[in-house]
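Report on the following structure.
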Amino acid sequence: MDFLSTVKGSLLEGFYPAGWDLAKIDACCDKGVVREDFWNEKFNPVECESIYDFDTLMGHEIAMQIKLAAERGEKLAIILPVGPMGMYKWASYFLNEWDIDCSHVYTFNMDEWADAEGNTLSNDNPASFEYSMKQAFFGKINKTIPESQRNFATKENLPTYPEKIAALKAESAKLVLVFGIGRMCHIAFWEPQFAEDYATVEEWKKAPYRIGAKLHPLTIEQNALTSFKSRTTLVPCRANTIGPGLFLQADYIIGGCDGTLGRGMQWQGMSFLTTLHYGPDMNITSTFMPTLPGKLFYLKDLAGPLVAECN
């Protein structure tokens, strides 16, 4: 008896997105980290022994992209997440050590908690992503990114992202995407069930954003565990988010998977290995990430073996 044979008739029937092939996902979990033919030749996973290595290496990669753009005399557009977060301490550290003036950088936070109308938390609320970014990154850089060049995913500002990014690209700016991978394999809060709203993958790829998007229950529970100390009642059920029409434009990606909980427990191994091995599919958003050039940093335990243990 296995999981797949017990789904039918259970409470999980219809819970996972209709486009998910659960048997194929399960097979991905046995592969470990090996290259696939569909990967971009410049896409590379980077194993990290500890969370300390992870934070430092990912932070260095972000700072390096900012530094390289400054040395080229180019503007840089960079899409930023609030999760993972530990890398921002080191990104700011390296930028300060190298004395980098970040006036050439334009940031776009990829998402923000919202209600059904797209109204977001106030920017002085500790749960808001704008507040988190100021505390963790912008406020720690000596020659920081100008406030007028920081973009947050409010219902008024998110619709301006496509035009702003297009204008920067027209000036030869590179677009860097920094991201984590959700339990439901989302990028930003672009959930897998959204695929049901699009007739073709080409149409799906053009979608730039959503206002007040409905989040999957497992996304809410993931955030209850990782950001709200298990208190599900504090987690909003909706968010404003960028879509594939923006994040698939990235010239370079910097991904991070740090979803271990200690004592052998984790939440991100299946999402990480599905991302690497499933193949591009609009029903599983993160599967497009290996098709782009860049690096995906991950804690080694996420690579498996993903087997049952009692902890």
Side-chain angles (χ1 to χ4, degrees), residues 62 65-66 69 74-83 85 88 91 102-123 128-134 136-138 144-182 186-191 194-195 197-198 201-215 219 236 238-255 282 285-286 288-289 292 294:
I62 293 170
Q65 291 302 311
I66 293 173
E74 296 176 354
K75 293 180 178 179
L76 180 70
I78 184 165
I79 296 172
L80 296 173
V82 176
M85 286 292 283
Y88 290 128
C102 295
S103 59
H104 64 297
V105 179
Y106 295 73
T107 63
F108 298 83
N109 262 78
M110 57 173 48
D111 45 26
E112 181 60 271
W113 300 119
D115 63 16
E117 285 72 46
N119 300 305
T120 53
L121 300 173
S122 62
N123 59 18
S128 79
F129 294 168
E130 180 172 352
Y131 179 92
S132 298
M133 289 303 301
K134 290 176 180 177
F137 191 40
F138 300 137
T144 195
I145 298 153
E147 289 190 24
S148 62
Q149 293 168 200
R150 306 174 194 171
N151 289 276
F152 299 98
T154 64
K155 67 178 181 181
E156 296 83 14
N157 195 44
L158 181 55
T160 71
Y161 279 23
E163 183 179 355
K164 288 177 178 177
I165 290 173
L168 288 163
K169 279 183 160 267
E171 297 180 53
S172 300
K174 299 293 189 296
L175 176 63
V176 172
L177 169 69
V178 184
F179 66 95
I181 297 171
H186 64 218
I187 299 298
F189 275 131
W190 196 265
E191 299 282 43
F194 296 170
D197 298 334
Y198 301 93
V201 66
E202 290 75 19
E203 181 184 343
W204 177 88
K205 284 182 174 182
K206 293 177 182 178
Y209 59 85
R210 284 197 177 204
I211 301 293
K214 292 182 180 180
L215 303 179
T219 295
R238 294 175 181 265
N240 299 336
T241 181
I242 64 168
L246 294 180
F247 60 71
L248 292 182
Q249 291 187 43
D251 299 295
Y252 190 81
I253 65 171
I254 304 171
M282 69 177 180
T285 313
S286 64
F288 284 86
M289 293 300 98
L292 300 171

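Values below: all heavy atoms of this structure, side chains included; hydrogens, waters and symmetry mates excluded. FYI, the numbering just counts along the sequence from 1.
Separation of the Trp190 and Phe179 ring centroids does not fall under the 6.0 Å cut-off.
Tyr131 has its side chain out of reach of Leu121: every pair of non-hydrogen atoms, C-beta onward, lies at least 4.5 Å apart. With contacts defined as side-chain heavy-atom distances shorter than 4.5 Å, the pair Asp251/Gln65 does not qualify. Counting heavy atoms from C-beta outward, Met289 and Ile181 have side chains that stay 4.5 Å or more apart. Counting heavy atoms from C-beta on, the side chains of Met133 and Tyr88 come closer than 4.5 Å.
Panel note: side chain Thr241, backbone Arg210; no donor-acceptor pair is recorded below 3.5 Å. With Asn240 contributing its side chain and Glu112 its backbone, the two residues share no donor-acceptor pair below 3.5 Å. Of the possible polar contacts, none joining the Glu191 side chain to the Leu215 backbone as a donor-acceptor pair under 3.5 Å is found. Without hydrogens or angle criteria, Tyr161 side chain to Ala153 main chain gives a donor-acceptor distance under 3.5 Å. Tyr198 contributes no side-chain N or O that, together with a main-chain N or O of Lys206, makes up a donor-acceptor pair within less than 3.5 Å. Side-chain atoms of Lys169 come within 3.5 Å of backbone atoms of Gln249 as a donor-acceptor pair (strictly under, hydrogens ignored). When atom types are taken as modelled, the side chain of Asn151 and the backbone of Thr107 share a donor-acceptor pair closer than 3.5 angstrom.
Under the 30°/60° scheme for interplanar angles, the aromatic rings of Phe189 and Phe129 are found to lie parallel.
We find the CZ-CG distance between Phe137 and Asn109 to be 10.5 Å, quoted to the nearest 0.5 Å. Summarising the geometry, atom CG belonging to Leu158 is positioned 7.5 Å from atom OG1 belonging to Thr160; distances are rounded to the nearest 0.5 Å.
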